[in-house]
Amino acid sequence: MRHACALRSVDDPLHVNYSDKNTNREDRLATVELTNISKCFGRTAVIDGLSMSLNPNEFMVFLGPSGCGKSTLLRMIAGLETVDSGEIRIGGRRVDHLPPGERGVAMVFQHYALYPHMTIRDNMAFGLRNVGVARDEIAARVAAAARSLEIEHLLERRPGQLSGGQRQRAAIARAIVKQPQVFLFDEPLSNLDASLRVRTRVELAGLHQRLGTTMIFVTHDQVEAMTLADRIVVLNDCRIEQVGTPMDIYLRPATSFVAGFVGSPRINLLPVRIEAAAEGLARATLPDGTLVQTAVPTAALPQGDTTVGLRAEHVRIASEGAAARGTARVVERLGERTLVHVELKGGAMLVAEDAGLSTVRAGDEVGLSIDGARAHLFDAAGRGHHAAG
Amino acid sequence: MTRPALSGRVAVALVVVGAVLMLVPLLWVLALSLKSNAELMADTHSVFNGRYTLQNYADLVGDGQVFRWIANSLIVSLGMTAGVLILSSLAGYGFARLEFPGRRLLFVIVLFGLAVPEQAVIIARHQLFSWAELHNTHGALILPGLSAPFGVFLMTQYFRAIPKEIDEAALLDNASRFTIFWKLLLPLTIPAQATLGIFTFLSAWNDYWWPLISATNKEMFTLTVGIASTQMNFAQTEGLGFLMAQAVFAGLPILIVYLLFQKYIVQAVAGAAGR
Ligand SMILES: Nc1ncnc2c1ncn2[C@@H]1O[C@H](COP(=O)(O)OP(=O)(O)OP(=O)(O)O)[C@@H](O)[C@H]1O
Ligand SMILES: [Mg+2]
């Protein structure tokens, strides 16, 4: 019952109607600009000279492997971590020297960080009381946020009496009542079970549409990033690898790291030899000698070691007209499609895709047809080169 | 199947024996306190028959001296408990949450305090209090107890166990450092406060040695010292019932504390054993 109920609110966007006259919607459409941000812990640099800017109303996702500095970056925006150098502006106002409470941000923590001894109502009201919002105003905002997240019946309970999903909603509600200019989420879904995570993800997308507030969301889950983001910032090793829309990131990965991090199964990366072919497009020779005609112009491609990136959906099992041959080693049946791990002559492995009802079995000799026009090339520095356009 | 049941029964039997061993002297005291002094002087066997009387309690109330001692004990115990709770909470918060130079060293020094027995410092302490002319004041009885390394250690561990995310969420909620301490962290340490408070109160109430040394004026006796002072020697036969009534009276506050905080005491002991 509750399940159906929770889903309905997404299809039927409730407009959160705040009774607050002072903050209208425009005030909350804030840009976020980071200029040349650096941060060290002791002698290790965690963030090094990073700049980026967010448009108002944007849903930005920080994506990257564990330990790459996503949380640190988010916490610097929140003011929980100091900035060693650089500037942070929110809505044009410089905030990097302001205490967290004065930056106009609200944060949802990974472990919720609800105040255990307070009721959910008091949890939500706490921040408003601290800045002296009037009593009936608080009541109205709490009621509106509780209605929006369907936790009205939980308001008198304490966090310990809620399930993980309910705590998550309470934590989001606590952020909403503050009517911040920017919402910050630090892996808020990682403590939920798989089905709840998917549901909450959909609700978050709905919430963003309803509120129209700038949001920054940290995750190491590429599916969360792809589904939620207007734009994704891919971070690795204290640097930005790429900033772009989800499709940008997927279709035109700026580096081999991005290509390898985004997409499931992992993109095939194989060392290749390059030669110029017709119309100035590069032709790649795979380790087993197979020729792949790419659509990447040779002009921009530097000399030296080159890697080809081939997504599984562009390498298909084919009985005739096969460009390459190999032996199926592992067959993963996912239902709608089948992934076949193929060993090429010479030992290189390649993941190929086949129909859901594939008849391939481990040990079979298979042919592969490769869609070279969709191949990516990465130079020795890892930079990506793609088909023009 | 029968073995666990059997061992369970043996355990219960042992607990019952233990309880009886501990209860009999207490009941004996209670029974003696209800007999007239004259009767007890002849023979304590009369406890099991004959007349019972509340005369000893009436004398006690009439005497008044014991109330003075109880008041002293209450002032000292409550004062020490309040002081220890306040100081340990503040110090614990500081060690757990503030960054300052020398923090680790200071904490180690506090921990060393756990290893110093009272006997080792008592002469120096006596001289210090003599010099400061503090003897025979409540302050003299309270002050030494305020250096409570165990309390500081306990509260530090407790504050450390509270996730930092709570502080951070509160910072984003515009809470000041004091608000965070007072409204968020302190309420979360209530179980530890209760444990520490109870143990401090009980040990202050039962303390004998330092009050015996410091309080030489009868007016400043605590209950333990006072009752002991009315006792002549171990083979006392005179005024036995009255003495027992005093003992019962002395035990009452402890009983009340126990009944009120039973839950926390059991938790504290179970927690200490479990760790
Ligand atoms: N307070 C700190 N002191 C020292 N080093 C720190 C501190 N906080 C973070 N680091 C280091 O900074 C790096 C980035 O940490 P951060 O928490 O930002 O990673 P993350 O991308 O959020 O990872 P995860 O996905 O695991 O949460 C890590 O190498 C971490 O060890
Ligand atoms: Mg993190």
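Sequence lines set the chain letters: A, B, ... in the order given, protein chains first and strands last, and positions in each chain run from 1. When reading the values below, keep in mind they use all heavy atoms of this one structure, side chains included, and skip hydrogens, waters and symmetry mates. Note that this is a predicted model, so its numbers are computed, not measured.
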Against chain A, work out which of B:L171, B:I166, B:N174, B:I162 has the most heavy-atom pairs shorter than 4.5 Å and name it. B:N174
Let me see the working for B:D173 and A:R129 under salt bridge (charged side-chain N to carboxylate O under 4.0 Å, His left out), right down to the final yes or no. CA-CA 9 Å; B:D173 268 347; A:R129 289 192 189 127; over 6 Å; no
Proximity breakdown for B:K164 and chain A, heavy-atom pairs closer than 4.5 Å: neither
Can you tell which part of B:L188 gets under 4.5 Å to a heavy atom of chain A, answering side chain, backbone, both or neither? side chain
Got A:F126 and B:T179 here, is their nearest side-chain heavy-atom distance under 4.5 Å? yes
Report yes if some heavy atom in the side chain of A:L80 is under 4.5 Å from a heavy atom in the side chain of B:L172; otherwise report no. yes
Counting only heavy atoms not in [X], do more than 12 sit closer than 6.0 Å to its [atom1] atom?
X	atom1	value
A:K39	NZ	yes
B:F112	CZ	no
B:W182	CH2	no

Considering only heavy atoms, give the residues of residues 93-120 of chain A separated from chain B by less than 4.5 Å, sorted numerically, with 'none' for an empty result. A:P100, A:G101, A:E102, A:V105, A:M107, A:F109, A:Q110, A:H111, A:Y112, A:A113, A:L114, A:Y115, A:P116, A:H117, A:M118
